[in-house]
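This report refers to the structure that appears directly beneath it.
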Amino acid sequence: MDFDIKDKSLAEAGAHRISWAARDMPVLRKIAEDFAREKPLKGIRMSACLHVTTETANLMKALKAGGADVYLCASNPLSTQDDVAASLVVNDGIPVFAIKGEDNDTYYRHIRAVLDIKPHVTMDDGADLVSTLHSHYPEWVKEMIGGTEETTTGVIRLKSMAQKGVLGFPVVAVNDSQTKHLFDNRYGTGQSTLDGIMRATNRLFAGSTVVVAGYGWCGRGIARRAQGMGARVIVTEIDPIKALEAVMDGYSVAPMKEAAKLGDFFITVTGNINVVGAEAFDAMKDGAIVCNSGHFNVELNLPYLESISKERSILRDFVEEFVTRDGRRIMVLGEGRLINLASAEGHPAQVMDMSFANQALGAKYLVQNRKTLEKTVVRLPEAVDQDIAALKLAALGVKIETLTEEQKDYLASWEMGT
Ligand code: ADE
């Protein structure tokens, strides 16, 4: 079996951590049990490009239980947990191509390694597999069943491909499921981003000013948690509705060039480029800490920061200091890559349980509906979303109401008023 990981001897430690995560993934466990019985992915070759974490390992095991022949590479050079990669190879016989800290060439070599199996189905977090397939293996695209996509940034890329008429197969936008973005993006990114900053810096949030760029579900989650820890939060936004929501949620809202003068911490979660740009770096205070929790590191204009700096040095793991020519010290965390996975462990298993339930059921949905799905970005049916939420509630021991016949009639009627 071909693979490329850091060190096979880490497998035992990885296996323990994978089991720990599995305890908090009851929905995925149920799906894995169903998959083991029904084998909905029998004979399907799958290439997966995901953050190689304990939660991802449980997803890989579920897909394998469903009959898939699955190959895994990293969806970010800094997010791999090397012990997890080792355990998947050694204990589960799943080929993994991922090493924490790999350079760009190795990252793309690993992507090509998992695509070399000529997949029927891809599973992406950021759309690198789909984009590499369309650019380098156009002949294979026509024969594929489809793909699934985990994250907002990837879905934006894919929708743009669909709009330009170049997307060659259907892709399930997992991020568009409510049981994904309402929980993973908000509570997962919210907690794990602060966790990443705290592990990297050991700094106190209380009494500090935190600038959150972007008030989507990730930004909402981060802002709420930073406020809860005693920080003053300033939100930057381009969307008037989201900006208004941030105001009414109790935050200051300001353009980045104003916020830049005040922030102690800067966190980007927009999915866009140069959100902390030249103007912001020029205005920042001495000692500012800057990081990104969006999918790609382009949210920070690091080449500009480098160009105005006279020195740079690593102060601690994941903390690099740039000293500007005018003498200010600006700290960049995790090379501007998603800080929650670079210096922490990503989202906790409780939310990845639902995200990866959507991934697993998304793969099954593609295979079952291969004859009818259009070559565009699709959502999982609402009923699947509802089922995942119901399973999660059951696992949490939470019971909810059901409609009475009288209530159903009432909702269906239009004649009844006061
Ligand atoms: N994305 C964010 N957190 C993650 C995790 N724990 N596993 C896989 N992908 C993630």
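Order of listing sets the numbers, starting from 1, for every ligand and every atom in it. What you are looking at is a predicted structure, and each value in this text was computed from that prediction instead of being measured.
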For ligand 1, which is the ligand I care about here, please tell me if [X] has any N or O atom under 3.5 Å from one of the ligand's N or O atoms.
| X | result |
| --- | --- |
| His51 | no |
| Thr53 | yes |
| His347 | yes |

Out of Arg45, Arg370, Lys118, which one pairs with Glu143 under the salt bridge (Lys or Arg N to Asp or Glu O under 4.0 Å) rule? Lys118
Minimum-distance pair of heavy atoms, taken over all atoms of Ala360 and Leu28: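 Answer, listing the atom of Ala360 first, then Leu28: CB-CD1, 4.4 Å.
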How far apart are the closest heavy atoms of Ala74 and Thr80, and which atoms are they?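 So the minimum-distance heavy-atom pair works out to CB-OG1, 3.4 Å.
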If you count the atoms of ligand 1 from 1 in the order shown, which ones are under 4.0 Å from a heavy atom of [X]?
| X | value |
| --- | --- |
| Glu345 | 6 (N) |
| Leu341 | 1 (N), 2 (C) |
| Phe356 | 8 (C) |

Kindly state whether the ring of His134 and the ring of Phe169 have centres lying under 6.0 angstrom apart. yes
Sub-4.0 Å heavy-atom approach of Leu50 to ligand 1: no
Please list, one pair per line, the donor and acceptor atoms closer than 3.5 Å that link side chains of residues 386-400 to other protein atoms, with sequence neighbours excluded.
residue, atom, partner, partner atom, Å
Gln386, NE2, Glu382, OE2, 3.2
Lys392, NZ, Gln350, O, 2.8
Lys392, NZ, Asp353, OD2, 2.9

Hey, does the side chain of Gln81 reach the backbone of Asp83 with a donor-acceptor pair shorter than 3.5 angstrom? no
